[in-house]
Number of protein chains: 2
Amino acid sequence: MKATVPITVASLKVACSQCNLVELCLPFGMSESEIDRLDELVGARRKIKRQQHLYRAGDPFEAIYAIRAGSFKTDVLLEDGREQVTGFQMTGEMLGLDGISTEAHSCNAIALEDSEVCVIAYSKLEELSRVVEGLQLQFHKVMSREIVRDHGVMTLLGSMRAEERLAAFLLNMSQRFTARGFSPAEFHLRMTREEIGSYLGLKLETVSRAFSKFQDEGLIAVQQKHIRILDITGLKRLIQHPSPSPRP
Amino acid sequence: MKATVPITVASLKVACSQCNLVELCLPFGMSESEIDRLDELVGARRKIKRQQHLYRAGDPFEAIYAIRAGSFKTDVLLEDGREQVTGFQMTGEMLGLDGISTEAHSCNAIALEDSEVCVIAYSKLEELSRVVEGLQLQFHKVMSREIVRDHGVMTLLGSMRAEERLAAFLLNMSQRFTARGFSPAEFHLRMTREEIGSYLGLKLETVSRAFSKFQDEGLIAVQQKHIRILDITGLKRLIQHPSPSPRP
DNA sequence: ATGGACCGTTGATCCACGTCAACCACAAAA
DNA sequence: TTTTGTGGTTGACGTGGATCAACGGTCCAT
């Protein structure tokens with residue numbers, strides 16, 4: 001991995017206190033004086049072009065990353081070549097937490113569009129979180145949230161049918177776009193049908209068919225990657241009681 | 001929740017430094033002097049009878065737990081009554097990490113047999129991990145390991161077929177029993193077929209059939225909950241290339 | 001011992017989703 | 001403009017695992 005980052009305007013620091021993502025990112029819930037101290041933590045920023053890796057499974061773990069702009073997917077690939085998307089990440093979300101346990105990354109992080117991340121050296125994070133209580137608390141919450149999120153995906157994969165999964169996915173995207181100040185009802189997906197399918201444990205054809213079905217039923221309007229949610233309560237209803245047999 | 005613990009022999013502290021689980025539990029990798037300081041962290045122990053809850057989804061989060069004896073399952077239940085097992089935990093493993101993010105537990109933890117846990121007050125853990133570096137590092141690794149484990153389950157649920165899932169489950173159990181000094185090839189499952197199925201995203205009948213099939217093929221010997229692995233490489237082969245089409 | 005829950009096994013049938021295949025839309029390259 | 005490639009849609013068909021159902025084994029509590 002070519003680690004040398006050219007000293008350009010792009011790699012100049014931007015204080016967390018100045019960043020409009022505080023509400024979503026690591027600093028959330030920290031006091032102003034605590035956030036000021038974060039500025040010594042967040043080093044260079046790094047730009048990643050669409051389809052490029054931020055890190056690969058097996059890379060030595062040195063830093064975690066906060067997404068400043070753009071979006072990513074993480075995936076693992078099994079020995080036999082099968083690939084599974086384990087998550088999609090948006091601005092303000094953290095990448096790389098999986099690497100702490102073995103000191104090597106356990107998945108690949110790939111940009112879905114031209115993106116930019118803040119690089120947070122893990123050794124510095126540990127050091128600083130020993131003295132800044134709010135940082136320690138926040139960091140633990142971020143990790144814990146990741147665990148809870150993964151449990152959510154496990155229940156989705158373990159107990160939902162195709163259309164429920166896609167409905168849950170759309171509602172989740174909607175909610176995350178909303179939190180970032182975008183429309184809850186209209187957004188642009190950055191990932192392909194195949195990536196959505198991999199994430200949801202479905203084949204791309206099944207994803208495509210479910211999109212079409214939702215459209216026929218007037219729940220959404222789909223045009224390629226552009227989604228418009230027309231009936232949010234209808235989508236919610238879908239995931240609440242399974243299609244056949246309204247409770248045994 | 002009746003929180004008062006009677007002062008009995010059972011609740012007396014047992015130093016981590018004296019515990020035979022150090023290799024598996026939170027203290028792993030810490031220096032002796034650091035482990036000694038853990039003793040101020042680990043408060044009362046708590047006994048949980050089979051089928052009883054250690055905590056429930058929604059309970060306020062105050063402590064994490066290290067399993068001293070016995071085993072647990074964690075599960076979440078969806079609005080419509082469906083239930084999903086998110087994990088099985090054995091001695092030395094930690095419970096309750098999901099509670100940090102929202103300060104309330106997000107799943108239920110239920111003993112699969114009469115069990116005992118060490119109660120680790122979270123506020124104390126935060127405090128101590130600010131001064132004991134090894135504890136901080138270890139705790140972060142434990143959380144990260146949970147994330148990696150969850151990703152493993154996600155790939156299992158998202159891309160494996162029934163028999164592969166069960167094979168992976170058995171190999172995982174075998175490996176964990178081995179790490180605890182038990183036989184890699186012969187062990188007693190504490191959970192029902194239904195719980196295994198819920199964890200693996202399968203119905204109990206499918207689990208049962210897969211067990212029978214493995215037995216017919218000479219891979220394992222099953223007698224109710226007692227499992228003997230006869231051909232471990234055969235099981236491993238199962239999860240490496242999918243049944244039909246040996247790679248496209 | 002004995003009745004009753006609970007748990008596990010096995011068979012028959014069904015259907016949701018995967019598979020295979022053809023075709024279309026759009027974007028970048030030539 | 002045409003060409004080429006990637007991503008998306010749709011149809012026809014097959015199948016893995018769910019569902020429904022019957023029965024057997026084990027462990028308790030009486």
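Excluded from the calculations below are hydrogen atoms, water molecules and symmetry mates; all remaining heavy atoms, backbone and side chain alike, are included. Per chain, numbering begins at 1; letters A, B, ... match sequence-line order.
For C:dG18, its base never sits under 3.5 Å from the side chain of A:Arg209 at any donor and acceptor pair. Interface remark: the A:Glu163 side chain does not form any donor-acceptor pair with the C:dC17 base, using a distance-only criterion of under 3.5 Å. Judged by distance alone with a 3.5 Å cut-off, no donor-acceptor contact links the side chain of B:Gln224 to the base of D:dC27.
Taking atom NE2 on B:His188 and atom P on D:dC27, their separation rounds to 9 Å, with Å as the unit. For A:Gln223 and D:dG8, the CD to C1' distance is 12 Å, given to the nearest whole Å. When the P atom of D:dG7 is taken as reference, atom CZ of A:Phe211 falls 16 Å away, rounded to whole Å. For A:Lys213 and D:dG11, the NZ to P distance is 14 Å, given to the nearest whole Å. The CG atom of A:Leu202 sits 14 Å away from the P atom of C:dA16 (whole-angstrom rounding). At whole-Å resolution of the value, NZ in B:Lys225 and P in C:dT9 are 10 Å apart. For the pair B:His226 NE2 and D:dT26 P, the computed distance is 14 Å after rounding to whole Å. In this structure, B:Met160 atom CE and C:dG18 atom P are separated by 16 Å, rounded to whole Å.
Between A:Lys203 and C:dT19 there is a side-chain N or O to OP1 or OP2 distance below 4.0 Å. Taking only side-chain nitrogens and oxygens, A:Arg193 comes nearer than 4.0 Å to OP1 or OP2 of D:dT9. A sub-4.0 Å separation between OP1 or OP2 of D:dT9 and a side-chain N or O of A:Ser208 is present. Residue B:Ser212 places at least one side-chain N or O under 4.0 Å from the OP1 or OP2 atom of C:dT10.
Under the ring pair (Phe, Tyr, Trp, His ring centres under 6.0 Å) criterion, the residue pairs touching residues 177-210 of chain B are B:Phe88-B:Tyr199, B:Phe177-B:Phe187, with sequence neighbours excluded.
Looking at heavy-atom distances under 4.0 Å, A:Gly201 makes contact with sugar-phosphate atoms alone, never a base.
Minimum heavy-atom separation, A:Ala179 to A:Leu24: O-CD2, 3.9 Å. Taking all atoms of both residues into account, the shortest heavy-atom contact from B:Glu146 to A:Ile147 is CG-CD1, 3.5 Å. Shown here for A:Val85 and A:Asp75, the closest heavy-atom pair between the two residues is CA-CB, 3.8 Å. When all heavy atoms of B:Leu97 and B:Met94 are compared, the pair lying nearest together is CD1-CB, 4.5 Å.
Nearest-nucleotide positions on DNA chain C for B:Val207 and A:Leu204 put B:Val207 closer to the 5' end.
Comparing C:dT10, C:dC17, D:dG17 against the side chain of B:Arg161 picks out D:dG17 as the nearest.
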